[in-house]
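For reference, the structure discussed in these notes is given below.
Each chain gets a letter, A, B and so on, in the order the sequences are listed, and its residues count up from 1. Side chains are part of it too, since the values below use all heavy atoms of this structure and drop only hydrogens, waters and symmetry mates.
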Amino acid sequence: MNARAWISLYGLLIRTSVRSRMQYKFNFVLSTLLAALIQISEFLMVAIVLYKFGAIKGWSLYEIGYLYAVMTLAKTLYRTFADEVHHLEKYLVNGELDGLLIRPLPVLLTLMPQSFRIMLGEVLQGGFVLYWALSGMMQSGQVGWTSVPLTLFIIFTGAIILFSIGLATATLGFWTTRISELQNITEDAARTAAQYPLTLYPKWMSGLLLTLIPVGLVNYLPSLYILRGEMGPWVLALTAGAAVLCLVLSLLFWRLGLTKYQSTGS
Amino acid sequence: MRIEAKHLNKQFKTPVVREGRFAGLRTLFARDYRVKEAVRDISFEVESGEFVGYIGPNGAGKSTTIKMLTGILHPTGGEVLLGGINPHRERRRAVKRLGVVFGQRSQLWWDLPVKDSFDILARMYRVEESVKRKRLDQFAELLNLQEFWQTPVRKLSLGQRMRADLAAAMLHDPDLLFLDEPTIGLDVNAKRGIRGFLKLLNEEFGKTILLTTHDMDDIEQLCRRVMVIGDGELSYDGTPQSLRDAIGLPTRFHVTYRGNCNIPDGTMYRSCSGSIAEGEAGNAGIKGNTTVTGTRSAVAPVAAPLVVTSRQGNMITVEANRQEMKTMDVLRMLAEWGEIEDVDMEEPDFEEVIHRVY
């Protein structure tokens, strides 16, 4: 099977997943609305923090909004197309992975689209903050129009990095079965931390967030160049290189993990 | 397609789960493991076109073996080859030619109509539209799929679901079929339907089939070869008939005499006077005697070829091992004890045969 056939099959599985969930229309609508509501309340929290404190350690309101928006959109992209990786635990505990392993397809290809959802709340909110931050900085002349394609680029590489972190964390579940606590740390906590400039944190922690759990590469590092012109364009190449490296490593780890799958009794 | 299993071993290493805060995280770094040997050194070969039953008690390692054969679980040691392909090294290539049915878990899309599952599977296995339609027509006829064609899978009865699952597993025309308890929980009719279909697949289309089951009728009606696994090890591999013979369960004769009968000494292991306890208690009570069914086995043959196990008035029950004594000889001997009114013969139940092996 070639890549095109895989992509079209992936599309089919997404449509299947949406159709499955549309069987329960009320639940589908309600959960979409609730997710959007939660997202808005989370945004209000950030807004209050920013409004109260204004600039943080030399980072303007717009810049912090930008960091936040890039992170949110990168996460949304990852979760839209590969949400089920985050929910691997369910498959390990119930042995549901059996059903994917007997198909002549990569397990990730059949796993990722399992519960596809359109994260409307996140897209709207992230898009709005990004628009607000970028237009604010454009008016002040801090950034030019080139920042728009560059931003889209780092949202894409950021999604790959977040996916790799998510996949590597989930893969640990092949050894431990339960992974939700670990996910709290490597995914949720790390991502929340990187919504603010890493200069806020002690050296060891920002170092950690740029290497072991490289969420800092999603927004902080590339925005140093895009927003402030620090370092040089090579930062973007570095980000992209790091994203590819993360992806390759996490996929290799995933393949190792699959050989440790224990399934369930009977 | 041939199945080869060479010295399969599977150990499950589960970390001892910690309690309390950060339990998951601490488990990750834990050093204490519980090792369970689910399968120990199992080797066998299944030739193309065979129909093999794989039986054993719960927890003996049946499902573990099937999951290793289908590439789901990686063995701790040993190797599997399916038509020469190792499903652990080349999973995608190997499973393309496999059909797998888990009786306990449907592989269909739960919330969608049955028909949609077939469409998706056809795409997954790249079955051409015209071929798909031809095969489905065939299956629909054999398995009566039309009656629930548009029904969501979650609303199917168990029997319907199993039929749909079987058709789904055969859609890409695999050479090799693995069935894990395909008749579990089905009524007699549904079982008959499934068995008929499997028989057809094996006899007419030459499919190699390996199934696990707890239903001995599946084995007797379908399999020409049976493998028994107990406690992770292969304890028997041969025909169902020779399995029965090897264990040597006795045939039971229920004899009613007209008038009185004289039972010679030595054939009774309990005095004729006094009632003989039945069921478990009776079995336990006579365990000390070497000629009792419960302790009988192939290695310790009975002393007498004929044993009277119970007597109620002029009705007696006699057990004889047909390996040692022909039916006519038994009847002749019984006729010497009195005038026979009626004889009822009972073949050893296969289920009981299996319990002996476990």
Could you tell me whether [X] and [Y] have a side-chain N and a carboxylate O separated by less than 4.0 Å?
X	Y	answer
B:R133	B:E129	yes
B:R92	B:E90	no
B:D231	B:R40	yes
B:R123	B:D119	no
A:K90	A:E96	no

Region of [X] in contact with chain B, defined by heavy-atom distances below 4.5 Å:
X	value
A:I102	both
A:T177	neither
A:I179	neither
A:L97	neither

Original post:
Angle class for the B:H74/B:H88 ring planes (parallel below 30°, perpendicular above 60°, tilted otherwise)?
Top reply: tilted
Original post:
Is there side-chain contact between B:E4 and B:R2, with at least one heavy-atom pair below 4.5 Å?
Top reply: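 Side chain of B:E4 against side chain of B:R2, heavy atoms only: contact under 4.5 Å found.
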Original post:
For chain B, which of A:P106, A:G95, A:G99, A:S180 has the most heavy-atom pairs under 4.5 Å?
Top reply: A:P106
With only heavy atoms counted, which part of [X] is less than 4.5 Å from chain A, the side chain, the backbone, both or neither?
X	answer
B:L121	side chain
B:F102	side chain
B:N58	neither

Do you know which of [options] has the most heavy-atom pairs with chain A at a distance under 4.5 angstrom?
options	result
B:T64, B:L98, B:D116	B:D116
B:R97, B:Q107, B:R91	B:R91
B:T70, B:T212, B:I120	B:I120

Original post:
Does the ring center of A:W175 lie less than 6.0 Å from the ring center of A:F253?
Top reply: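 Yes - the distance between ring centres of A:W175 and A:F253 falls below the 6.0 Å cut-off.
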